[in-house]
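These notes concern the structure reproduced below.
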There are 2 protein chains.
Amino acid sequence: MSSKFSEKSEELYDEACDAKHAGRPRCPVAHRNILQAARDLVAEVGFAGLTIEGVAARAGVGKTTIYRRWPNKSSLVLDAFFEDISPPAGFADTGNVREDIRRQMRKLVKELNGPTGCKIATLLANGQFDKDMAEAFRARWIEQRRAEARDVVKRGIAQGEIRRDVDPDVLVDALYGPIYFRLLSGHAPLTPAFADALTDLVLSGLDD
Amino acid sequence: MSSKFSEKSEELYDEACDAKHAGRPRCPVAHRNILQAARDLVAEVGFAGLTIEGVAARAGVGKTTIYRRWPNKSSLVLDAFFEDISPPAGFADTGNVREDIRRQMRKLVKELNGPTGCKIATLLANGQFDKDMAEAFRARWIEQRRAEARDVVKRGIAQGEIRRDVDPDVLVDALYGPIYFRLLSGHAPLTPAFADALTDLVLSGLDD
DNA sequence: CAATAACGAAACGTAGCGTATCGTAAATAA
DNA sequence: TTATTTACGATACGCTACGTTTCGTTATTG
């Protein structure tokens, strides 16, 4: 574990607050306030506009307190974000895998159209400039969702709804990739109609 | 034309060098040196690590000269990049649209695997923090390529290789989206095998 | 030769980063 | 109780890079 990010924000908190040692313990209220302030400010001014000093001011803590707990801005924002959003997508299980996928795609588009989409785009973009950030984002957002989707695809193959020779990884990318691409490039809107058309297009011809 | 970016870098150059006015003209050598230095430095230290002062030093010009010609870092890097890379993809025309697409997909993957891919990822990411940058990137990279691909798809529809009810925009996104997504997220490598598998998967079931 | 405009060098004000110092507050340990 | 340890907020600091301004110089037009 060489990442400068904690896997979960609690770890970082517990690590310091486990109270095995003497001395004043870290204030849990400050912890919460900092993360909340970070969330608010990312929503208000975006990642680029967010400053540690701003977070400190809004959270009512000293800048020092933040640097005592997080090594830098990226790590703070990441923790703030995932404390809120981490629970993965959640596919339905109607018995019809194609229908499950269709619903999930609509749900994802809807989610990415809101503030979550803004944050995801920001984190993904920031990953280009920060390797640890990229890795943490992959582990905590992308891979969790890909794994879930892959399982659904495998279920589809097992049930005979999807051809056996389809590579689940490629299919999952074919479904999700265009959505994230639109999210990032903004060349066309993320509409439910797009989700449907994309799902139909990708799934057509994959019958067993 | 409200963008702070010139559509083509020559415009910006000519605009000032058209020499209709009195006074010393802008030095074209400096222009070239600046763009070259910017290209070199982006490759060496990345967009985030690039500084205007660094470009000026390497180009052997004053910082002022750069600010006289470009309003900011983004705009300079964008011009530097597109002076080098702008010519769009170039589809083959074998008569078989599916084959044309397949070849194009392999070519794109190969290109994005190299330094161009690094630059594209950087520009796309930076677009999240800079609206003008995002728009310029869409106009000068994405839309040019999308338009070309859309035409090929339409040709495929006209020739009866692709179903008439397929939306060319959606199909183009289905092909390209996953590639750019992998480029940005890095969750899986951009291999020729992926290009082939993706193309097959997306095009299967779209027969007329 | 006068007017104009770009040139490089340098200094400037601003912003935000991440660090260091300090006196104070809250916990444990003797 | 008292000493020790650690976090706290405030403040100051050094640093980097931005984008601007000033200034004396150089090149071009008329």
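So you know, we letter chains A, B, ... as the sequences are listed, proteins then strands, and number each from 1.
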(message) Treating primed atoms plus P, OP1 and OP2 as sugar-phosphate and everything else as base, which nucleotides of nucleotides 19-25 of chain C get B, S or - for protein heavy atoms under 4.0 Å?
(response) BB----B
Atom pairs under 3.5 Å: protein N/O with N/O of nucleotides 15-17 of chain D:
none

May I have the distance from [X] (atom [atom1]) to [N] (atom [atom2]), rounded to whole angstrom?
{"X": "Asn72(B)", "N": "dT20(D)", "atom1": "CG", "atom2": "C1'", "result": "14 Å"}
{"X": "Leu76(A)", "N": "dG18(C)", "atom1": "CG", "atom2": "P", "result": "11 Å"}
{"X": "Arg26(B)", "N": "dT26(D)", "atom1": "CZ", "atom2": "P", "result": "21 Å"}
{"X": "His31(A)", "N": "dC8(D)", "atom1": "NE2", "atom2": "C1'", "result": "16 Å"}

Identify the heavy atoms of [X] and [Y] that sit nearest to each other, and give their distance.
{"X": "Asn126(A)", "Y": "Ser74(A)", "result": "OD1-OG, 3.5 Å"}
{"X": "Phe91(A)", "Y": "Ile101(A)", "result": "CE2-CA, 4.2 Å"}
{"X": "Val61(B)", "Y": "Ile66(B)", "result": "CG2-CG1, 4.1 Å"}

(message) Closer than 3.5 angstrom, by distance alone: can the side chain of Thr199(A) be matched with the main-chain N or O of Ala195(A) as a donor-acceptor pair?
(response) yes
(request) Kindly write out the residues that satisfy side chain to side chain donor-acceptor pair (under 3.5 Å) with Lys73(A), not counting sequence neighbours, or none if the list is empty. (result) none
(request) Kindly say whether the aromatic ring centers of His187(B) and Trp141(A) come within a distance under 6.0 Å. (result) no
(message) I'd like to know if Glu53(B) pairs up with Lys63(B) as an ion pair, taking the criterion as any Lys NZ or Arg NE/NH1/NH2 lying under 4.0 Å from an Asp or Glu carboxylate oxygen.
(response) yes
(message) For Tyr180(B) and Tyr176(B), take the angle between the two ring planes, folded into 0 to 90°, and tell me which bin it lands in: parallel under 30, tilted 30 to 60, perpendicular over 60.
(response) perpendicular
